[in-house]
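Here is the structure we will look at, set down as C-alpha cells.
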Amino acid sequence: MEEGSFDNAIMGCKGVFHVASPVLNTISDPKSEILEPAVKGTLNVLRSCGKNPALGRVVLTSSSSTLRLRDDFDPNTPLDESSWSSLEICEKLQAWYAMAKTQAERAAWEYCKEKGINLVTVLPSFIIGPSLPPNLCSTASDVLGLLKGETKRFQLLGRMGYVHIDDVALCQILVYENEDSHGRYLCSSTVMGEDDLASLLANRYPTLPISKRFEKLDRPHYELNTGKLRSLGFKFKSVEEMFDDCIASLVKQGHVTLHQGHGPIE
C-alpha cells in the first residue's frame, strides 16, 4: 500500500509478475479491506515498474470473475476475453473480490496504456491443486468443506470454471516469454456445475462424505472460451488431475484421511 516500496525490488528486472490480491473470508469494510488494497496495491507495483528502464513486460494475474458477473450475455455463446463484469452487479451480489479484481485490472490497463508499459493479464478460474502453506487459503478451505459434506460455499459458487495451479503458473510463464502474446488470457480447464463436480468427486472418492444435494440457486449458465490461450499451444490438466493433487495435498497436511487403498477410483 506504500508507493515506492517496490522500487528497489523491481529496478533492473526484465519482467514483473503481479500475483497477489486480498482474499478475505469475512469482510466488514469492503472498501478499505479489499477494494483499495487491490487497486492501490496494483498501481503502486506498476508505478515502480514505470521507473525501471530495463522492464520488458508485466504479467498481471486477474481473474475470470472479471468477465462473468453480468446479466446481459447469451448463455449459448461462451464468454471470452472481450467480456467485463458489471460493477453494479458485483455490488448488488456483494461480490467484493470480483469487484476488486475488475477495478484493479481496469486501472492497470489504463495506467499501462498511459505510460507505455507492456502489460499482459492472465484470468484464472477457480484454482485447484496442491497447497504450499500450512494454513489453507480460502479456495483450499472451500474444497475441504466440500469433501467433509458441507454444501453452502459451493452452492453459492454454483457453476464454475476450474484450473490446476500448475497450469496458471505455466500460463504466466508462457505469456511472459511469448513475444506475440498481448491483452487478456482466460485460463480455465473445465466449467462444471456444483452437482456434477460433487458427483464426480463422490464416485472417485467413495469413502469421503461428499454431499450430492445442493439447493438450486438462480445462477446463469455459461461456458468459457479459452481459444486464445490454446492457440499458443497450451494444454490444460483435467479436473480429475487437479482435484487428485489437491486432495493428496490435504491428506499429506492432515486435513483429510483416506483409508489404505481408498485413493481415487479411476
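Quick caveat: nothing in here was measured; it's all calculated off a predicted structure.
The two residues C49 and V58 make their nearest non-hydrogen contact at SG-CG2, 3.8 Å. Taking every heavy atom of both residues into account, M242 and H164 meet most closely at CA-CD2, 3.4 Å. Nearest heavy atoms, F234 versus L229: CB-O, 3.5 Å. Here the closest non-hydrogen pair linking T66 and E105 is OG1-OE1, 3.5 Å. Of all heavy-atom pairs between R57 and S181, the closest is NH1-OG, 2.8 Å. The shortest heavy-atom contact between D167 and C187 is O-SG, 4.1 Å.
None of E223, R230, K228 except one satisfies the side-chain hydrogen bond (donor to acceptor under 3.5 Å, both in side chains) rule with T226; the exception is R230. Each of S86, S83, S85 was evaluated against R70; a single residue qualifies, S83, per the side-chain hydrogen bond (donor to acceptor under 3.5 Å, both in side chains) test.
With sequence neighbours left out, T77 forms a side-chain contact (heavy atoms from CB on, under 4.5 Å) with D74. Listed by chain and number, the residues in a side-chain contact (heavy atoms from CB on, under 4.5 Å) with A202 are I210, K212 (sequence neighbours excluded). Residues satisfying the side-chain contact (heavy atoms from CB on, under 4.5 Å) criterion with E3, sequence neighbours excluded, are N44, R47.
Within 6.0 Å of CG on L35 lie more than 12 heavy atoms contributed by other residues, nucleotides or ligands. Crowding of K252 atom NZ: a count of heavy atoms from other residues, nucleotides or ligands under 6.0 Å not exceeding 12. For D72, the CG atom counts as densely surrounded, since its 6.0 Å shell holds more than 12 non-hydrogen atoms of other residues, nucleotides or ligands. Counting heavy-atom neighbours within 6.0 Å of E240 CD, excluding the residue itself, gives a total above 12.
Seen from the ring of W109, R184 does not count as a face-on cation partner, given the 6.0 Å and 45° thresholds. Cation-pi geometry between R106 and W84 is met: under 6.0 angstrom from the ring centre, within 45 degrees of the axis.
Using a distance-only test at 3.5 Å, with no hydrogens or angles considered, a donor-acceptor pair links the side chain of S189 to the main chain of K237.
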task: For side chain to side chain contact (heavy atoms under 4.5 Å, CB included), just list the numbers for T121 and L119, CA-CA rounded to whole Å, side-chain angles, deciding distance to a tenth of an Å, and then say yes or no.
output: CA-CA 7 Å; T121 62; L119 176 69; 4.1 Å; yes

Test log, rule side-chain hydrogen bond (donor to acceptor under 3.5 Å, both in side chains), inputs Q172 and T61: CA-CA 8 Å; Q172 288 167 326; T61 311; 2.6 Å; yes

message: Applying side-chain hydrogen bond (donor to acceptor under 3.5 Å, both in side chains) to S125 and S188, what does each step give before you reach the verdict?
response: CA-CA 5 Å; S125 52; S188 181; 2.9 Å; yes

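L197 and I165 sit in two unconnected hydrophobic clusters of ILVMFWY residues. Membership requires side-chain heavy atoms under 4.5 Å apart, directly or through other members. Under the 4.5 Å side-chain heavy-atom criterion for Ile, Leu, Val, Met, Phe, Trp and Tyr, L186 and M192 are members of the same hydrophobic cluster. Under the 4.5 Å side-chain heavy-atom criterion for grouping Ile, Leu, Val, Met, Phe, Trp and Tyr, F17 is not connected to I10 through any hydrophobic cluster. Note on F243: it clusters hydrophobically with V256, by side-chain heavy-atom contacts below 4.5 Å among ILVMFWY residues. The hydrophobic clustering, which links ILVMFWY residues whose side-chain heavy atoms are closer than 4.5 Å, places L147 and I127 apart.
Side-chain contact check for Y111 versus I117: some heavy-atom pair is nearer than 4.5 Å. Between L123 and Y185 the shortest side-chain heavy-atom distance does not fall below 4.5 Å.
How far CZ of R159 is from CG of D195: 11.0 Å, rounded to the nearest 0.5 Å. We find the SG-CD1 distance between C246 and I128 to be 5.5 Å, quoted to the nearest 0.5 Å. I34 contributes atom CD1, which lies 11.0 Å from atom CE of M99 (distance to the nearest 0.5 angstrom). Note that CZ of R68 and CG of L224 are 8.0 Å apart. Values are rounded to the nearest 0.5 Å. In this structure, CG on L69 lies 11.5 Å from NZ on K92, to the nearest 0.5 angstrom. Separation of atoms CG (L200) and OG1 (T190) is listed at 9.5 Å; rounding is to 0.5 Å.
Between the side chains of D29 and S32, a donor-acceptor pair is found at a separation under 3.5 Å.
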